[in-house]
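Order of the sequence lines sets the chain letters (A, B, ...), proteins ahead of strands, with each chain counted from 1. What you see is a predicted model; the values in this text were computed from it and never measured.
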Amino acid sequence: MNGMPGDVFTFQFENLQRAKRRNETWLCQSRSVNGGEAALQVFNNEGSEHADEICLRENEAAIQGADQYEITWYMSWSSSERCAPQIIDFVQKHPNVKLNIFVSRLYYQDSEPHREGLRALSQHERIGLKVMTLTDFQDCFDRFVGEGNGFQNWEDLAGNSARYAAILKEITQQTSTEKEQRNRQSGHGRDPDKQHLLSASSLITDLTL
DNA sequence: ATTTTCAAT
């Protein structure tokens with residue numbers, strides 16, 4: 001396995017609310033077949049390809065029809081709006097795959113298209129989506145950096161994890177009305193043909209508030 | 001067209 005250096009792990013996976021200069025994404029994958037020993041791989045983005053896309057391609061080549069696969073991802077940034085549908089397609093195409101995704105930070109947490117992607121992932125019956133906690137960072141470090149290297153707990157890891165978890169919960173439980181409000185705020189998702197629907201729903205919202 | 005974010009003048 002081409003593992004991760006400890007300092008790279010700590011820098012890239014630190015779950016800061018404002019993660020400056022983490023302008024790349026790391027994905028640590030554990031994949032086991034029929035409950036056997038897990039194969040470990042580390043991916044990151046290359047060129048215009050996202051880490052998820054490269055990893056999916058690798059899985060596509062490795063996976064055989066009848067076997068049962070347990071896949072776990074530890075991601076420094078959560079999947080983008082571009083990758084989420086590809087991940088869902090992959091899992092759909094392989095009914096023998098279960099995918100558990102742990103994320104350190106939420107990528108563009110306020111952008112509705114990215115939020116929608118996460119919502120779709122979390123709603124799939126064979127996909128798990130969670131924010132990493134101390135145990136997850138510890139496990140990821142032990143498996144992908146090396147147990148002997150000693151994981152260093154950083155400042156406010158638990159607090160940051162709890163805040164991200166709260167945001168993810170809000171994202172996955174968000175109602176359609178809230179989505180429209182968000183779209184109007186951020187200027188995303190506007191469809192000229194549906195402007196009247198948006199204003200009608202905002203009118204209803206205003207009346208009920 | 002940028003914030004902090006799969007980033008480059």
Just the rounded figure in Å: distance from C1' of B/dC6 to CG of A/N45.
4 Å
Atom NZ of A/K20 to atom P of B/dT2: distance rounded to whole Å?
17 Å
Just the rounded figure in Å: distance from C1' of B/dC6 to CD of A/Q86.
12 Å
As a test of reading the structure: which of B/dC6, B/dT4, B/dT3 is closest to the side chain of A/Y108, going by heavy atoms?
B/dT3
Could you tell me whether the side chain of A/R22 and the main chain of A/K20 form a donor-acceptor pair under 3.5 Å?
yes
Describe the nucleic acid contact of A/S104 in one word from base, sugar-phosphate, nothing, applying a heavy-atom distance below 4.0 Å.
nothing
So for atom CD, which belongs to A/Q152, do other residues, nucleotides or ligands contribute more than 12 heavy atoms lying within a distance under 6.0 Å?
no
If you look only at pairs with a residue in residues 23-54 of chain A, which of them pass as a ring pair (Phe, Tyr, Trp, His ring centres under 6.0 Å), with sequence neighbours excluded?
none
Once you round it to whole Å, what is the distance between P of B/dC6 and CD of A/Q29?
22 Å
Distance-only side-chain donor-acceptor flag, A/R143 / A/S30, under 3.5 Å:
yes
Looking for any heavy atom pair under 4.0 Å, which part of the strands does A/L27 touch: base, sugar-phosphate only, or nothing?
nothing
When the distance from CD of A/Q109 to P of B/dT4 is rounded to whole Å, what number comes out?
12 Å
Name the nucleic acid region contacted by A/D52, choosing base, sugar-phosphate or nothing; use a 4.0 angstrom heavy-atom cut-off, strictly under.
base
Interatomic distance where CG belongs to A/L16 and P belongs to B/dT4 [whole Å]:
13 Å
Could you tell me the separation between the NE2 atom of A/H114 and the P atom of B/dT2, rounded to a whole number of Å?
15 Å
If you look at every strand shown and take non-hydrogen atoms under 4.0 Å, does A/Q17 touch a base, only sugar-phosphate, or nothing?
base
Return the value, rounded to whole Å, for the distance between atom OH of A/Y164 and atom C1' of B/dT4.
8 Å
Using distance only, find each side-chain donor-acceptor pair of residues 3-13 of chain A under 3.5 Å and give its atom names and separation, not counting sequence neighbours.
| unit_1 | atom_1 | unit_2 | atom_2 | d |
| --- | --- | --- | --- | --- |
| A/T10 | OG1 | A/G6 | O | 3.0 |

Looking for any heavy atom pair under 4.0 Å, which part of the strands does A/S76 touch: base, sugar-phosphate only, or nothing?
nothing
